[in-house]
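Chain identifiers are assigned alphabetically (A, B, ...) following the order of the sequence lines, protein sequences preceding nucleic acid strands; residue numbering begins at 1 within each chain.
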Amino acid sequence: GGIITQTPKFLIGQEGQKLTLKCQQNFNHDTMYWYRQDSGKGLRLIYYSITENDLQKGDLSEGYDASREKKSSFSLTVTSAQKNEMAVFLCASSIFRGGTGQLYFGEGSKLTVL
Amino acid sequence: SQWGEENLQALSIQEGEDVTMNCSYKTYTTVVHWYRQDSGRGPALIILIRSNEREKRSGRLRATLDTSSQSSSLSITAAQCEDTAVYFCATGTGGYKVVFGSGTRLLVSP
């Protein structure tokens with residue numbers, strides 16, 4: 001079995017700050033994803049990557065940057081945190097062409113902006 | 001609106017009852033995923049049903065897929081308290097993008 005590790009688990013930032021979330025997977029999966037989950041709502045796709053150094057925008061990419069320098073890691077940067085923003089960011093990976101294969105998720109990183 | 005922007009639906013049932021959650025998707029899909037999310041955890045796959053399957057079962061879970069109406073359902077038979085969770089459907093088009101539905105918060109009471 002494998003695991004998805006997200007760091008930090010909790011992140012508190014200030015308005016306008018650039019904040020980075022990290023995700024590591026040891027499944028040796030090609031495809032990785034970042035989703036945002038707001039309280040009481042579903043998951044929205046921010047960025048995905050089908051291989052090392054590849055980046056694809058999802059439906060919610062504005063305000064975010066991503067980086068996939070290694071197959072095992074995928075980082076997400078909030079370029080300018082919004083005041084009172086609060087959300088959970090979920091990282092996932094998949095071995096198959098993403099749409100047809102199971103996604104494995106990390107535990108999430110909870111962002112609070114003061 | 002983007003699917004995931006919508007509020008979670010809420011269902012509350014008693015232990016032992018059957019329950020069905022529905023999911024309608026907007027674009028062509030080759031597969032529908034159903035995930036379960038426990039409080040404070042990431043979602044975990046419970047059933048994956050492909051476009052050439054009309055029904056799939058796993059224990060007390062049953063998923064259906066109707067590609068003509070672009071809808072899928074997840075049924076739980078004789079629900080238990082431990083089935084309390086949020087349930088999401090997600091669709092894949094055969095590419096790499098996987099889009100999640102708005103989800104259902106299920107509460108099973110003793």
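In this structure, A/Leu45 and B/Val98 have side chains that are not in contact, with every pair of non-hydrogen atoms separated by 4.5 Å or more. Within the 4.5 Å cutoff, the side chain of A/Glu107 has heavy atoms near those of the B/Arg41 side chain. Between A/Arg44 and B/Val99 the shortest side-chain heavy-atom distance does not fall below 4.5 Å.
Atom-to-atom distance recorded for A/Lys41:NZ and B/Leu8:CG is 8.5 Å, nearest 0.5 angstrom. With values rounded to the nearest 0.5 angstrom, B/Phe100 atom CZ is found 9.5 Å from A/Tyr33 atom OH.
Hydrophobic clustering keeps A/Ile4 apart from A/Phe89 (ILVMFWY residues linked when any side-chain heavy atoms are closer than 4.5 Å, directly or through intermediates). One hydrophobic cluster holds both A/Ile46 and A/Leu55 under the rule that ILVMFWY side chains link at heavy-atom gaps under 4.5 Å. Cluster annotation: A/Leu43 and A/Tyr104 are assigned to distinct hydrophobic clusters (Ile/Leu/Val/Met/Phe/Trp/Tyr, side-chain heavy-atom contacts under 4.5 Å, transitive).
Within 6.0 Å of atom CD in A/Glu62, 12 or fewer heavy atoms from other residues, nucleotides or ligands are found, so the atom counts as exposed in its surroundings. Around the CZ atom of B/Arg105, the shell of radius 6.0 Å holds no more than 12 heavy atoms that belong to other residues, nucleotides or ligands. For B/Arg54, the CZ atom counts as loosely surrounded, since its 6.0 Å shell holds 12 or fewer non-hydrogen atoms of other residues, nucleotides or ligands. Around NZ of A/Lys71, the count of heavy atoms belonging to other residues, nucleotides or ligands within 6.0 Å exceeds 12.
Nearest heavy-atom pair, B/Lys97 versus A/Asp59, reported as atom, atom and distance to 0.1 Å: NZ-OD1, 3.1 Å. Shown here for B/Pro43 and A/Leu90, the closest heavy-atom pair between the two residues is CD-CD1, 4.0 Å.
A/Tyr35 touches chain B through its side chain: at least one heavy atom from C-beta onward sits under 4.5 Å away, while N, CA, C and O do not.
Counting heavy-atom pairs closer than 4.5 Å to chain B, the top-ranked of the candidates A/Gln56, A/Lys110, A/Gln37 is A/Gln37.
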**Message:** Show, in sequence, the C-alpha distance, side-chain angles and deciding distance for A/Leu103 and B/Leu45, and conclude whether the side chain to side chain contact (heavy atoms under 4.5 Å, CB included) test is met.
**Reply:** CA-CA 7 Å; A/Leu103 267 61; B/Leu45 183 79; over 6 Å; no
